[in-house]
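One structure below.
All values reported here derive from a predicted model rather than from experimental measurement.
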Amino acid sequence: MVSAASPPQRATATTGHVLVMPPPWRVALMVTALICAVIVIRNIFTSAHQVIGWAVAASVIALLLTPVVQGMDRVMPRALAIILTFVMVIGLAVGVTWLYTSSLLDQVDQIQEVGPSIAKEIEGRSDRVGEIAREIGLADQVSELADRLDERTGSQGDAIKSVALSAPPYFVSMILTIFLLLFGPKMIGGAVDQLSPERRDRYRPALIQAARRTQMYVWASIAQGVVNGLCIWLAATLLDLPAVGLLALFGGIAGLLPYMGIIVGWLPVLILGFGVAPVGEVALTLAVAITLQIVEVLWWRRRVDARSLYVGPAVPIVVVILGYGIYGIGGALYGCVLAVLGLAIADQVWPGTDLPTPITDAS
């Protein structure tokens, strides 16, 4: 028997959520507001990209200098430790600038003069090396590379002018870095304190550990680059190659790249060596380069990744390409540090989502 309550029962029998679409005018308003917000944000970043670059550079430098300041802080006041640290940094910067303007620019001109002729001598060889050089058009490739290098560096006067114009931004970045070294930890701690107790207990140790792992990874990579650059400088000197300092600088920068940067840094040495040195000496140089790369992959990188984090070569390559295209060499270097920091934070906060590391034991 059907009762009078059956219609409400039929209404309640249908369960689930009903999707209610907003009116068209509201959708149009939301889309317009989103477009305006994107334009405003884009204009802000375009107009303030220099200031944003200073802030990013100061943050990265403060992150990397924190272990140095903490080590000196154990035997002296923190303010004095920061001052001495910046005295050393400024001295290093002045030395690099002097070396660049007084020596490296001349070596760029030297490469532009003798590089193509050495490449032509390699193409004129009758062995397999000469055949490969002719197939790839080595002389044309070297000439084009030398011209691009000359355009990038400019003259000595341009370099001095560029350094003079860069002095105010460097001064501002230095002041901001000192401020972050003094008050940065308190600022981050205050921001974490605004979270709920559960998230606070989760994120505070994660951020501290991520910063430490990033510092260890970056400083280990810098040490690797320095060692590779010094080895290239010694080998290029023994082979009597032109532009030894420029070759060592390229090898040091390339050596920052894990798992493949060392051998990439040695390629210009090997190419020039085939044109000016005996084959036996070049073969010995190649053996040294391969040995260094093997030591890095099988010994050094194992210990660095185990104590810091596994990054791999893909992320640094992509970041270098994008960062260099946007902000030049500074954007490439600072972008790599920020990418490593992002991976370290993700590894601490969401440990199950990072790339699998092949190293699990530091011993």
Side-chain angles (χ1 to χ4, degrees), residues 50-100 163 166-192 204-227 229 249 252-253 255-258 304 307-309 311 316 319-320 323 327-345 348:
Q50 189 174 17
V51 179
I52 295 174
W54 295 347
V56 171
S59 301
V60 171
I61 295 174
L63 175 66
L64 297 181
L65 291 182
T66 296
V68 181
V69 175
Q70 289 177 346
M72 299 176 65
D73 192 22
R74 299 173 182 174
V75 295
M76 64 183 67
R78 185 174 182 85
L80 181 59
I82 293 176
I83 293 175
L84 291 180
T85 300
F86 270 92
V87 168
M88 292 186 294
V89 171
I90 293 174
L92 179 62
V94 172
V96 171
T97 302
W98 174 81
L99 181 64
Y100 177 75
V163 171
S166 301
Y170 289 157
F171 179 77
V172 173
S173 299
M174 183 182 68
I175 298 299
L176 183 57
T177 303
I178 294 175
F179 175 81
L180 292 175
L181 285 172
L182 289 172
F183 303 106
K186 295 182 180 179
M187 294 170 58
I188 297 176
V192 175
R204 188 187 300 276
L207 292 176
I208 295 175
Q209 187 65 17
R212 291 175 179 174
R213 296 172 70 183
T214 301
Q215 294 161 352
M216 184 178 300
Y217 184 91
V218 174
W219 280 113
S221 299
I222 293 175
Q224 175 178 312
V226 170
V227 171
L249 177 62
I253 296 176
L256 300 175
L257 183 65
V304 172
R307 291 172 172 81
S308 56
L309 73 160
V311 176
V319 173
V320 164
Y327 285 106
I329 185 65
L333 296 177
Y334 295 140
C336 285
V337 177
L338 293 177
V340 173
L341 178 61
L343 292 175
I345 293 175
Q348 291 296 312

Please give me the minimum heavy-atom distance between [X] and [Y], naming the atom from each residue.
X: L309; Y: A344; value: CD1-N, 3.6 Å
X: A55; Y: L176; value: CA-CD2, 3.7 Å
X: P67; Y: Q215; value: CG-OE1, 3.3 Å
X: V319; Y: A339; value: CG2-CB, 3.8 Å
X: C336; Y: V320; value: SG-CG2, 3.4 Å

Rounded distance (nearest 0.5 Å) linking atom [atom1] of [X] with atom [atom2] of [Y]:
X: I188; Y: I208; atom1: CD1; atom2: CD1; answer: 9.5 Å
X: S221; Y: M216; atom1: OG; atom2: CE; answer: 12.0 Å
X: L63; Y: L181; atom1: CG; atom2: CG; answer: 10.0 Å
X: I61; Y: T85; atom1: CD1; atom2: OG1; answer: 12.5 Å
X: I83; Y: I90; atom1: CD1; atom2: CD1; answer: 10.5 Å
X: M187; Y: F179; atom1: CE; atom2: CZ; answer: 5.0 Å

Residue pairs, two or more places apart or on separate chains, that pass salt bridge (charged side-chain N to carboxylate O under 4.0 Å, His left out) and touch residues 175-187: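 Those involving residues 175-187 do not exist here.
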Restricting to side chain to side chain contact (heavy atoms under 4.5 Å, CB included), what partner residues turn up for [X], sequence neighbours left out?
X: I178; result: I82, F86, M174, L182
X: M76; result: M72, L80, A81, L84
X: S59; result: L180
X: V218; result: L64, T214, I222, V337

Qualifying residues under side-chain hydrogen bond (donor to acceptor under 3.5 Å, both in side chains), relative to R212, sequence neighbours excluded: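 Partners of R212 under the side-chain hydrogen bond (donor to acceptor under 3.5 Å, both in side chains) test: none.
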Beyond-backbone contact of R213 with R307, side-chain heavy atoms, under 4.5 angstrom: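 Counting from C-beta outward, R213 and R307 never come under 4.5 Å.
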Any P258 side-chain heavy atom under 4.5 Å of P316 side chain: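 Yes - at least one pair of side-chain heavy atoms lies under 4.5 Å apart.
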Donor-acceptor contact below 3.5 Å, side chain Q224 vs main chain G255: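 A pair under 3.5 Å: yes.
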